[in-house]
Structure formats: structure tokens, C-alpha cells
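Remember, predicted model here, so these are calculated numbers, not experimental data. Each ligand, and each atom within it, is numbered from 1 in the order the structure gives.
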Amino acid sequence: MTEYPPEPFRIKMTEPIKRIDRHEREIALRNAGYNLFGLKSEDVFVDLLTDSGTGAMSQAQWAALMQADESYAGASSFFRLSRAIETIFGFNHFVPTHQGRAAENILSSLLIKPGLYVPSNMHFDTTEANIRARGGLPVNLVIEEAFQPQNQHPFKGNMDLAKLRDFVKKIDPRNIAFGMITITNNAGGGQPVSMENLRAVAAIYREFEIPFFIDACRYAENAYFIKLREPGYAHKSPLEIAREIFSLADGATMSGKKDALANIGGFLAMNDETLYRAACNELILREGFPTYGGLAGRDLDAMAVGLMEALDESYLAYRLAQTAYVTEKLIETGIPVIEPPAGHAVYVDAGLFLPHIPPHEFPALSLAIELYLEGGVRGVEVGSVMFSREEASGKSTHPRLQLLRLAIPRRVYTQAHLDHVIKSLASIFRRRENLRGYRITYAPEFLRHFTAQFEPL
Ligand code: F0G
């Protein structure tokens, strides 16, 4: 059993939250079209919708905000961010962006032509959508163990190397725009990728002259998993491990809202000078001048400090133990979850939890809705609402796992909040046969989970 360590901080400022009663929650849910994204946050008690931009900043970050430089061009905030990125990532160039998907958009706009492929372990929803929006074809080549929730493989985010090599040969490397890997693998249970795998993936991409970009959102958590789980890394610092990871790639997309511990921000980093020039042009058109990229100077400073804080070992030990605590308590209760524990979130296997609800009736959505009704807890469906696709034939393909993700915001909730979540899920588990599926009444073409509407069956 992972020990829940005392938080390596104390709380200096509070934000009140309240739990509205069940009847009010039912009304709020109906008004939201049964989509938890449609709720007002004040109607949520414990908000585990995402770990993105929802973390608490440190006193050092707030202090950095006050010293930020809001100059349009050449702001000192930019150079402080530049130093942090140089220290951790080591790429030759970067452009700030307002968040991760803006970096994905710029990369996709520059490198993808219709019909080109982009392999990865698993693309997250915004990456996949940005690739498709440019006519590209995202391909997921994660190892088979990723689809076996109880399999204890320590690096279930790893790419299947044989599959990658076969794919590159079959498709012809000229038809691949660039290669990616997501650390940690958010769409596949937040599982980490090993250094050994990263090295092998980089070697394959290099052999076939395919540019290699890392989706680095949760780079610090992945680095700490390598320290804890991979032989040879126990004595290395998370910073040394992060540097080694990024030395393998040609660039990275980053959302500052995750492991930069900021509420907004991101960047696109690369070694290639020509690509950097093109990225600057695209940036000026859509985001802003290359020394601010659509952000305020204070956002750049918050990221500069947060990127380094995320590598602090006492923070990382607490962070991963918090997730492990919830995961292990749920396992004790008999609730099916993805094992071993992930970094930023707990993933409940809703397909197993609710075997009587088929994928096209959205079991993970049903569980997410019930958890809100039960305890005012908001999670997110990562299943057929998010990832099923209509083929040209009219047939739907469903993802292999129907997951309810409970993402834990950084430095925000205490053990008592997490115990409330565990208790609420346990209570639903005892009466799980009564839950029913949902049907879609409205859905847009891309990223439908954000705005779709549903009704209970
Ligand atoms: N890549 C991964 C792996 C992500 O998890 C996210 C965001 C992005 C890219 C895009 O970054 O939000 O700054 O534009 N994930 C959030 C989540 C939204 O809830 O998992 P963004």
C-alpha cells in the first residue's frame, strides 16, 4: 500500500467550495444536457474533470507574476521562460503558445499534408483532432498491455516497437509527416513510457528520417516514474532524466497547464531552424509575437517557475502517491481500475464496472453522471463519447476501453476530499446494476465530447 505522505506544502489561501443537494444536482445536470462539461463549476463539489490548468500555484509563482514584464517584444519574462526550457528540454528553439493544442495546431499546419500519417503510442483527443483537421491520419501503436487493465507492466505507455517498424515500412516513411509519443499516455490510462522505449522509438524514427516530437505535457511525472520503476535511474534526478528524454527527440509540444503548474500556457519546441522560422510566421498570424505567443508576460513567468517546481522530488513523490492512494483504495473495494497507478489521474474501467451497458450506450458517461449525482464529483468520460468514430460505411468503431477518468488537480485537494470520492464510487458500486445507458441528441464533428448533449435511455 502506498503511503499518503504529508503534503510538502501548507495552505496559505483558501477557495470555498460547497455541495449543493441531490435535487439541485439533478436540475443542474438536466440543464447541462447530461454533459458534465456543461455544468457550472459552482455546482461541482470535488472537480476531477481535468488536471489541466486547475493546479494551485506556489508562492514563488505568484511572486514571479508580480515581476513579469508585459513588453510586446523582448520581454524579460520570455527570457526567463527560455532559460527554464533550455535547462530542462535543451531544444534549440521554442515559441510560446496559449496552450498545448495551439502548439499541436502549428506543428500540424506546418508538417501535415492530406493523407500523411502521424504514428504515436496514443494521441490525445486534441492532438488527434488537430492532425485530422489538416487531413492527416493519426495512428496509435501502443503496446498490447495498455489494453489489459490489470496487467502490472510498469510502462504501459510504451510504443510497440515491432508494430512501429512494420507500420513505417508498410506505409513508406515518405508518407509519414512526423512521429510522436505522448508522455505520460493520457488517453491510455496515464501510463508512463520507459527510457528504453523512448530510445528505441527515437532510433526507428531516426533510421527512417522521420522527425520525432514528444507530447511532453506530463514530462515530470513520466521522469519520476522512470526513476521509480526503471533499472539504472534510481540515483538520477528527475531533471537529469527529463534532459535525457528530450535529448532523444527533434522537438516537443507542451501544455503548460499540466507539468508547468500554470493555469494557462504552452509551447512548441524544436531543433530545426527552418521549422522554427515557419512556426514564428504561423505564430504571428494566429497567436502573437514570438516572445509572448498569445500569453501575458506573467503567464510566461508562471510557467518558468512551474516547469522547475514540477521536477522537485518531494512534490513528485506526493503527487504520485496521491494518485496511487485513490487507485489502491478503489481496488480494495473491488472497483475495476487501470493498474498500476498512473500519474495525474485514476482511471475506472467503466466497461467492467457496468458490463450490462454496451459501448454505444456509453457506460463511462453513465458512471460519470452517477458520480456527480451521488457526491457532486465531476470526472470525465474517456471512451466512446470521446473516441468512437463513424466509418464511411456508417458503422461505428469503439475504443477498446471505456474509462471514467478522475484527474487530480495539482496541489489542490486533500486526502479528505479524495476519501469523499472513494466513498461516493463505492456507494455506486453496490447498486451498479441500476445504472442505465445514454443516447446522443446532439454532437458536432470534431471533439464532440465537449459540447454533445445526451438523454438517459
Ligand atoms: N496532449 C495531452 C497528452 C493532453 O493531455 C492535453 C490536454 C493536450 C495535449 C492539449 O493541451 O489542453 O493545453 O491544449 N489535456 C487536458 C486533459 C485537456 O484534460 O487531459 P491543452
Salt bridge Arg132-Glu445, side-chain N to carboxylate O under 4.0 Å: no
Tyr438 ring center near Tyr34 ring center (under 6.0 Å): yes
Check each N or O atom of ligand 1 against all protein N or O atoms and list the pairs under 3.5 Å, with atom names and distances to 0.1 Å, one per line.
{"residue": "ligand 1", "atom": "1 (N)", "partner": "Asp215", "partner atom": "OD1", "Å": "3.4"}
{"residue": "ligand 1", "atom": "1 (N)", "partner": "Asp215", "partner atom": "OD2", "Å": "2.6"}
{"residue": "ligand 1", "atom": "5 (O)", "partner": "Asn186", "partner atom": "ND2", "Å": "2.7"}
{"residue": "ligand 1", "atom": "5 (O)", "partner": "Arg218", "partner atom": "NH1", "Å": "2.9"}
{"residue": "ligand 1", "atom": "5 (O)", "partner": "Arg218", "partner atom": "NH2", "Å": "3.4"}
{"residue": "ligand 1", "atom": "11 (O)", "partner": "Lys258", "partner atom": "NZ", "Å": "3.1"}
{"residue": "ligand 1", "atom": "12 (O)", "partner": "Gln99", "partner atom": "NE2", "Å": "3.3"}
{"residue": "ligand 1", "atom": "12 (O)", "partner": "Arg101", "partner atom": "NH2", "Å": "2.9"}
{"residue": "ligand 1", "atom": "12 (O)", "partner": "Lys258", "partner atom": "NZ", "Å": "3.2"}
{"residue": "ligand 1", "atom": "13 (O)", "partner": "Gly100", "partner atom": "N", "Å": "2.8"}
{"residue": "ligand 1", "atom": "13 (O)", "partner": "Ser255", "partner atom": "OG", "Å": "2.7"}
{"residue": "ligand 1", "atom": "14 (O)", "partner": "Gln99", "partner atom": "NE2", "Å": "2.9"}
{"residue": "ligand 1", "atom": "14 (O)", "partner": "Gly100", "partner atom": "N", "Å": "3.3"}
{"residue": "ligand 1", "atom": "14 (O)", "partner": "Arg101", "partner atom": "N", "Å": "2.8"}
{"residue": "ligand 1", "atom": "14 (O)", "partner": "Arg101", "partner atom": "NE", "Å": "2.7"}
{"residue": "ligand 1", "atom": "15 (N)", "partner": "Lys258", "partner atom": "NZ", "Å": "3.0"}
{"residue": "ligand 1", "atom": "19 (O)", "partner": "Thr50", "partner atom": "OG1", "Å": "2.7"}
{"residue": "ligand 1", "atom": "19 (O)", "partner": "Arg405", "partner atom": "NH2", "Å": "2.7"}
{"residue": "ligand 1", "atom": "20 (O)", "partner": "Asn186", "partner atom": "ND2", "Å": "2.8"}
{"residue": "ligand 1", "atom": "20 (O)", "partner": "Arg218", "partner atom": "NH2", "Å": "3.4"}
{"residue": "ligand 1", "atom": "20 (O)", "partner": "Arg405", "partner atom": "NH1", "Å": "2.7"}
{"residue": "ligand 1", "atom": "20 (O)", "partner": "Arg405", "partner atom": "NH2", "Å": "3.4"}

Salt bridge (charged side-chain N to carboxylate O under 4.0 Å, His left out): pairs with one or both residues in residues 77-89, sequence neighbours excluded: Arg80-Asp301
Pairs satisfying salt bridge (charged side-chain N to carboxylate O under 4.0 Å, His left out), at least one member in residues 258-271, at least two apart: Asp259-Arg410
Glu313 and Lys227 ion-paired at < 4.0 Å: yes
Name every donor-acceptor pair, under 3.5 Å, that has one atom in a side chain of residues 342-349 and the other anywhere in the protein, sequence neighbours excluded.
{"residue": "His344", "atom": "NE2", "partner": "Asn186", "partner atom": "OD1", "Å": "2.9"}
{"residue": "His344", "atom": "NE2", "partner": "Tyr347", "partner atom": "OH", "Å": "3.3"}
{"residue": "Tyr347", "atom": "OH", "partner": "Asn186", "partner atom": "O", "Å": "2.7"}
{"residue": "Tyr347", "atom": "OH", "partner": "Asn186", "partner atom": "OD1", "Å": "2.7"}
{"residue": "Tyr347", "atom": "OH", "partner": "Gly190", "partner atom": "N", "Å": "3.4"}
{"residue": "Asp349", "atom": "OD1", "partner": "Gly351", "partner atom": "N", "Å": "3.2"}
{"residue": "Asp349", "atom": "OD1", "partner": "Leu352", "partner atom": "N", "Å": "3.2"}

